[in-house]
Visitor: 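The structure is given below, and queries will be raised subsequently.
Fair warning: this is a prediction, and the values are worked out from it, not measured in the lab.
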Amino acid sequence: MSGPNDIASSPACLWQVGATLGEGVLWDAASAQVWFVDIKGRRVHRCDADGANQRSWDAPGQVSFIVRAGDGGMVCSLDDGLYRFHEDTGAFAPLLAVEAEVPGNRFNDGHVDADGALWFGSMDDAEEQPTGALYRFDGSKAERHDDGYIITNGPALSPDGRTLYHTDTLEKRTYAFDRAADGSLSNKRLFVELQDGGYPDGMAVDAEGCVWIATFGGWRIDRFDAQGRKVGEVRFPCANVTKLAFGGADLRTVYATTASKGLSNEELAAQPLAGGLFSFRVETPGLPQRLLRLEK
C-alpha cells in the first residue's frame, strides 16, 4: 500500500473558519468558488478557489449540504427538508418537506448524480437510534431507498454511474449498491470496513473510479480502488476530516472540510486548524460536480 501523502501534496488551510462541524463542500465550477457549511454552527460559507473573498450567511437551522441547481440557484438541506437558498439576500425558502414528522432527525451528506438527481441521507441528531435513511430527490419528489442508519454519510457514484457508495459511519462500513438507469438500487454489499482508526465520513470518486473517504477522528483521507483496496492516504494536521470535493479548472485540487466537534480544550489547543477549510493537489482528477435538475 502507498504511504502517507504520496498521492497528493500536503493539505494547506485556505480558511481558518473554525467550523464546529464543517461539511458539504462543493466546487461550483461556473463561479470557480467553493461552498461549504457548518452544520452545528448553522452557517453557509463561500470563498474563491484560493480562499479569498470569504463570505458567510447564517442559516435558520442545521444546514448539512448545499448544491447548485440547473436553473442557477442553490438548494440546501435544513432540519425538516430541502430549501432554496438565495445567496443575494441570504433567504431560505422551503422546497420540499422530508422527514418533517421525525423531529429527532436531521440531514447529513448529499450528492448530485450525472442525471441531476440528488442523493442525500438523514440521521439521528443524537447519534443513538437507527432512524436515518437514504433518499433520492428527482427534482419533484424524494424517495427512500435504504434505511436503518444512525449516521448516514457520503453518497457518491462511480464514473459510469452504475455503482452508488453510501456509508454507515458508526458501523465504520461503506456499502456499494448497483444503481439502475431509473435510479433504483439493488445488491447492497460491503465495500470497505474501516479498521485503522477513525470513522468513515464524506467521500468523492475520482476519474479512475477510486473512492476517497474522509475519516472523522482519523487525521486523514483514504483512497480505495474500485475493489475496496486501500491504495493511499492524505494526512491532515487535525483529527476530524469530514468531506472532500474535487475542483479547480483541471479537477485536481481537492477541497476538504474539517470539524472541531468533540475535541477537548487540550485537543483544540493542539489542533488550531480544526474546523478549517483545506486544499491539496492530486495526480488523478476527480469527477465534475453535477447540477441538480429541478422539475418546472
Visitor: Would you say Tyr149 and Trp119 are hydrophobically clustered, going by side-chain heavy atoms of ILVMFWY under 4.5 Å?
Guide: yes
Visitor: Taking the six-membered ring for Trp, is the centroid-to-centroid distance between Trp27 and Phe246 below 6.0 Å?
Guide: no
Visitor: Using side-chain contact (heavy atoms from CB on, under 4.5 Å), reason through Leu244 and Tyr255 one step at a time and then give a plain yes or no.
Guide: CA-CA 5 Å; Leu244 69 146; Tyr255 296 95; over 6 Å; no
Visitor: Given side chains that start at C-beta, do those of Val241 and Phe216 come closer than 4.5 Å, heavy atoms only?
Guide: no
Visitor: Taking the side chain as every heavy atom from C-beta outward, state whether Val205 and His111 have any pair of such atoms under 4.5 Å apart.
Guide: no
Visitor: Do Val211 and Phe191 touch side chain to side chain, with heavy atoms closer than 4.5 Å?
Guide: yes
Visitor: Going by an N to O cut-off under 4.0 Å, is there a salt bridge joining Asp222 and Arg220?
Guide: yes
Visitor: For the pair Asp38 and Lys261, evaluate salt bridge (Lys or Arg N to Asp or Glu O under 4.0 Å) and give the outcome as yes or no after the intermediate values.
Guide: CA-CA 11 Å; Asp38 181 352; Lys261 179 178 181 286; over 6 Å; no
Visitor: Tell me, do Leu194 and Thr215 make a side-chain contact under 4.5 Å, heavy atoms counted?
Guide: yes
Visitor: Taking Leu287 as the starting point, is it possible to reach Tyr165 by hopping between hydrophobic residues whose side chains are less than 4.5 Å apart?
Guide: yes
Visitor: Decide yes or no for Leu118 and Leu82: does some side-chain heavy atom of the first lie under 4.5 Å from some side-chain heavy atom of the second?
Guide: yes
Visitor: Which class fits the ring pair Phe236 and Phe278: parallel under 30°, tilted 30 to 60°, perpendicular over 60°?
Guide: perpendicular
Visitor: Using atom types as modelled, flag every donor-acceptor pair under 3.5 Å from a side chain in residues 92-101 to any protein atom, sequence neighbours excluded.
Guide:
residue: Glu99; atom: OE1; partner: Asn105; partner atom: ND2; Å: 2.9
residue: Glu99; atom: OE1; partner: Ser122; partner atom: OG; Å: 3.2
residue: Glu99; atom: OE2; partner: Ser122; partner atom: OG; Å: 2.9
residue: Glu99; atom: OE2; partner: Tyr135; partner atom: OH; Å: 2.6

Visitor: Are Ile150 and Met123 close enough that some pair of their side-chain heavy atoms sits under 4.5 Å apart?
Guide: no
Visitor: Quick one: OG1 on Thr152 to NE2 on His166, what's the gap to the nearest 0.5 Å?
Guide: 4.5 Å
Visitor: Going through the distances and angles, do Arg252 and Glu283 end up as a salt bridge (Lys or Arg N to Asp or Glu O under 4.0 Å)?
Guide: CA-CA 7 Å; Arg252 291 179 54 229; Glu283 295 181 1; over 6 Å; no
Visitor: Is there a chain of hydrophobic side chains (I, L, V, M, F, W, Y, each step under 4.5 Å between heavy atoms) that links Leu190 to Ile213?
Guide: no
Visitor: Has Lys188 got its NZ or CZ under 6.0 Å from the middle of the six-membered ring of Tyr175, at an angle within 45 degrees of the ring axis?
Guide: yes
Visitor: Charged N to carboxylate O below 4.0 Å: is that the case for Asp58 and Arg43?
Guide: yes
Visitor: Side-chain donor-acceptor pair under 3.5 Å between Asn240 and Thr242, yes or no?
Guide: no
Visitor: When hydrophobic residues are tied together by side-chain contacts of less than 4.5 Å, even through go-betweens, does Leu78 share a cluster with Val44?
Guide: yes
Visitor: Would Asp48 and Arg55 pass as an ion pair if we require N to O under 4.0 Å?
Guide: no
Visitor: What's the spacing between Asp109 CG and Asn153 CG if we round to 0.5 Å?
Guide: 5.0 Å
Visitor: side-chain contact (heavy atoms from CB on, under 4.5 Å) with Asn265: which residues, sequence neighbours excluded?
Guide: Leu268
Visitor: Just so I know, are the side chains of Phe65 and Lys243 near enough to count as touching, which here means a heavy-atom distance under 4.5 Å?
Guide: no
Visitor: Verify whether one side chain among Ser279 and Thr253 offers a donor that lies under 3.5 Å from an acceptor in the other.
Guide: no
Visitor: Inspect the contact between Arg179 and Asp160 and indicate whether a charged nitrogen and a carboxylate oxygen are less than 4.0 angstrom apart.
Guide: no
Visitor: Are Phe224 and Trp212 an aromatic pair, judged by ring center distance below 6.0 Å?
Guide: no
Visitor: Tell me whether Asp196 is salt-bridged to Lys172, with the criterion being a basic N under 4.0 Å from an acidic carboxylate O.
Guide: no
Visitor: Look at Arg223 together with Asp206 and state whether they make a salt bridge at an N to O cut-off of under 4.0 Å.
Guide: yes
Visitor: Does Arg162 CZ have over 12 foreign heavy atoms under 6.0 Å away?
Guide: no
Visitor: In plain terms, say whether Lys141 and Glu143 are close enough for a salt bridge, that is, a side-chain N and a carboxylate O under 4.0 Å apart.
Guide: no
Visitor: Examine the side chains of Lys40 and Gln62 and answer whether a donor and an acceptor come within less than 3.5 Å of each other.
Guide: yes
Visitor: Does the distance from a Lys or Arg side-chain N to an Asp or Glu carboxylate O, for Arg293 and Asp113, drop under 4.0 Å?
Guide: no
Visitor: Taking the side chain as every heavy atom from C-beta outward, state whether Ile39 and Asn108 have any pair of such atoms under 4.5 Å apart.
Guide: yes
Visitor: Can you hop from Leu273 to Leu263 via hydrophobic side chains spaced under 4.5 Å?
Guide: no
Visitor: Could Asp124 and Arg106 be called an ion pair, given the rule that one side-chain N must be under 4.0 Å from one carboxylate O?
Guide: no
Visitor: Start with the C-alpha gap between Asp168 and Arg173, add the side-chain angles, then the distance that decides, and say whether salt bridge (Lys or Arg N to Asp or Glu O under 4.0 Å) holds.
Guide: CA-CA 5 Å; Asp168 186 328; Arg173 292 176 176 177; over 6 Å; no
Visitor: For residues 13-26, which side-chain donor-acceptor pairs fall under 3.5 Å, sequence neighbours excluded?
Guide:
residue: Trp15; atom: NE1; partner: Gln54; partner atom: OE1; Å: 3.2
residue: Gln16; atom: NE2; partner: Pro272; partner atom: O; Å: 3.1

